[in-house]
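Just so we're clear, the structure is a prediction, and the values are computed from it rather than from any experiment.
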Amino acid sequence: MNRTERGNRPDARTLISRVLDAGSWQSWDEPPVDRAAPGSPYAKELAAARDRTGYDESVITGEGTLDGRRVAIVACEFSFLAGSIGVVAAERLVRAVERATAERLPLLAAPASGGTRMQEGALAFAQMVKITAAVAAHRAAGLPYVVYLRHPTTGGVFASWGSLGHVTAAEPGALIGFLGPRVFEALYGYPFPEGVQVAENLFANGLVDAVVSAEDAREVAIRALAVLCAPTSELDRGPEPEEADADVPAWEAITRSRRDDRPGVRALLKLAAHDVTPLHGTGTGEEDPGLLLALARFGTAPAVVLGQDWGRQRVAGPLGPAGLRVARRGMRLAAELGLPLVTVIDTPGAALSKAAEEGGLAAEIARSLADLVMLEAPTVCLLLGEGAGGAALALLPADRVVCAQHGWLSPLPPEGASAIMHRTTDFAPRIAAAQGVRAADLRRDGIVDRIVPECPDAAVEPEEFCRRVARTLEYEIIGLLGQPARERVAARFARYRSLGSSPSS
């Protein structure tokens, strides 16, 4: 094994050279001052590790450029005493994080570690607190933190700075877990189950956002930072988008919104957004295929996008409480980084099941509503298609609400309302008309601000429609970015407080 590769996995310097722009790396590291007593076994281990690996510690830190953007980076080197973190390595890490915060640089982290350095005991173990505090302060300053988990990442490193990323990717096949399998077997006398502490399984369970090679990690980081670091001032709003009169019968709109070929949130991002970085799951062990979370730009306007995917809801099942917890992760991300939030409503309704009830569906709807109403970040809601029930309402409160011409909002699917009122679904078209669910009614009642034309139907002009929607979202986002946060939140609160109070309502 040479000093730059462990099998097919790059060491820290090789990884940095693959991710950063060529020749841009500048080290921030000073020679370490060892805590090991001269001549002690630990001092000999450190000397041997330095001679064998060419590294002076288990962590290297510095800066470079990524697609021309200045970034800070901290990376572990596993070949140096299993990437373990002692007092000296922790101090190097913390100083780098603090410098990145002071210089307002996005921070990239690439851990690969067995955790705490056992030779230094409890004091080394407690270093994870100060590393976590430094990362938390970096995030609190509104600065991006992007993590790439490498093979292996375990113990205190995974349980601290390895699990705090705004965006987290992992190396294919990487061992990632709290307690290393060798330690587990030694303690309990039987092996840890296979396939659990593997990057791909973490992705399946909503704990990491992507599993990508070192070569692809560069592009993931570029796309993510294009949104996370995008300017939010002095953007050109451009001309006001075209609007539709939306004089379409309610049942016709509902029927059109349910077409199998109607573009949904994934088509919108594919056809009309830029720098799209999908995020995955809650980050706490849950995911829901019916709720998409992503970073994206609509024209020049950056956004955290959380959208209901009607196609996947039809195949995999209705939106459940986990989907709303994914959505609330997106809300927190927007709040922390000051990014605009775009919510996309397109759902036939929330899950009605034992699991959904026991999983706290009603409570998650309430929390989503509360979080959105009070969110300091600019918010735009897009009512893209179906808007049935509490699942739709959970993503509605926003500074501005945009509706597709055939979008609609209803307490229940009209068939459900008909069953309640008439014990049959036969009256669904009549009830839809009476309930004021269509775009024109929603605008009249102050629920919707702008209606995006469909010419004549989004399903027959998907690309043109998606571009029209994206242009409208860009216009609305840029308009909101020019407003002070306190005034914007107060206006949002007043908006929903006044719903239904006008004579026309």
Identify the two heavy atoms, one from [X] and one from [Y], that lie closest to each other, and give their separation to 0.1 Å.
{"X": "A470", "Y": "L268", "result": "N-CD1, 4.4 Å"}
{"X": "D449", "Y": "R495", "result": "OD2-NH1, 2.8 Å"}
{"X": "F178", "Y": "F158", "result": "N-CD2, 3.9 Å"}
{"X": "F298", "Y": "A272", "result": "CD2-O, 4.3 Å"}
{"X": "P10", "Y": "E171", "result": "CD-OE2, 4.0 Å"}
{"X": "L480", "Y": "P378", "result": "CB-CB, 3.8 Å"}

Spell out, as yes or no, whether a donor-acceptor pair under 3.5 Å connects the side chain of [X] to the backbone of [Y].
{"X": "S498", "Y": "S501", "value": "no"}
{"X": "D445", "Y": "I447", "value": "no"}
{"X": "E243", "Y": "I451", "value": "yes"}
{"X": "S418", "Y": "E415", "value": "no"}
{"X": "R492", "Y": "V373", "value": "yes"}
{"X": "E461", "Y": "C455", "value": "yes"}
{"X": "R70", "Y": "E63", "value": "no"}

*Look at E463 together with R467 and state whether they make a salt bridge at an N to O cut-off of under 4.0 Å.*
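R467 and E463: salt-bridged.
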*Sidechain N-carboxylate O distance under 4.0 Å for E252, R256*: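 Salt bridge present between E252 and R256.
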Does [X] reach the side chain of [Y], with side-chain heavy atoms less than 4.5 Å apart?
{"X": "M374", "Y": "F493", "result": "yes"}
{"X": "Q308", "Y": "I345", "result": "yes"}
{"X": "R468", "Y": "P453", "result": "yes"}
{"X": "V276", "Y": "V305", "result": "no"}
{"X": "L207", "Y": "T168", "result": "no"}
{"X": "L269", "Y": "L292", "result": "yes"}
{"X": "L164", "Y": "V147", "result": "no"}
{"X": "V167", "Y": "L228", "result": "yes"}

*Please, which pairs that meet side-chain hydrogen bond (donor to acceptor under 3.5 Å, both in side chains) have at least one residue in residues 267-281, sequence neighbours excluded?*
D275-R297
*Going by the side-chain hydrogen bond (donor to acceptor under 3.5 Å, both in side chains) test, which pairs reach into residues 325-346, not counting sequence neighbours?*
R139-E336, H166-E336, D209-R329, E286-R325, W310-D346, R325-E364, R328-E364, R328-D371
_Can you tell me if E215 has over 12 outside heavy atoms packed within less than 6.0 Å of its CD?_
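Yes, the 6.0 Å shell around CD holds more than 12 heavy atoms from other groups.
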*Answer yes or no: does atom CZ of R258 have more than 12 heavy-atom neighbours from other residues, nucleotides or ligands under 6.0 Å?*
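Result for CZ/R258: enclosed.
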*asked:* Applying side chain to side chain contact (heavy atoms under 4.5 Å, CB included) to L295 and L333, what does each step give before you reach the verdict?
replied: CA-CA 10 Å; L295 306 173; L333 181 61; 3.8 Å; yes
For [X], which residues count as a side-chain contact (heavy atoms from CB on, under 4.5 Å) partner, sequence neighbours excluded?
{"X": "A110", "result": "L15, A75, R150"}
{"X": "T101", "result": "V97, H138, A141, L143"}
{"X": "D236", "result": "none"}

Considering residues at least two apart in sequence or located in another chain, which fulfil the salt bridge (Lys or Arg N to Asp or Glu O under 4.0 Å) criterion with [X]?
{"X": "E200", "result": "none"}
{"X": "E454", "result": "R262"}
{"X": "D21", "result": "R218"}

Distance check, rounded to the nearest 0.5 Å: [X] atom [atom1] versus [Y] atom [atom2]?
{"X": "L473", "Y": "I477", "atom1": "CG", "atom2": "CD1", "answer": "5.5 Å"}
{"X": "I222", "Y": "D67", "atom1": "CD1", "atom2": "CG", "answer": "4.0 Å"}
{"X": "T472", "Y": "L382", "atom1": "OG1", "atom2": "CG", "answer": "9.0 Å"}
{"X": "L341", "Y": "L306", "atom1": "CG", "atom2": "CG", "answer": "4.5 Å"}
{"X": "S213", "Y": "R9", "atom1": "OG", "atom2": "CZ", "answer": "11.5 Å"}
{"X": "R400", "Y": "R450", "atom1": "CZ", "atom2": "CZ", "answer": "6.0 Å"}

_Check against side chain to side chain contact (heavy atoms under 4.5 Å, CB included), L66 and V19_ = CA-CA 7 Å; L66 179 65; V19 171; 4.1 Å; yes
Could you give all pairs that pass the ring-ring contact (aromatic ring centres under 6.0 Å, His included) test and reach [range], with sequence neighbours left out?
{"range": "residues 373-427", "answer": "H422-F427"}
{"range": "residues 373-397", "answer": "none"}
{"range": "residues 452-490", "answer": "none"}

Under 3.5 Å donor-acceptor pairs involving side-chain atoms of residues 391-398, not counting sequence neighbours:
none

*side chain to side chain contact (heavy atoms under 4.5 Å, CB included) between T282 and V326: does it pass, once the steps are laid out?*
CA-CA 5 Å; T282 60; V326 173; 3.6 Å; yes
*Do L20 and V71 pass the side chain to side chain contact (heavy atoms under 4.5 Å, CB included) test, and can you show the C-alpha distance, the side-chain angles, and the key distance before you say yes or no?*
CA-CA 9 Å; L20 297 182; V71 298; 3.7 Å; yes
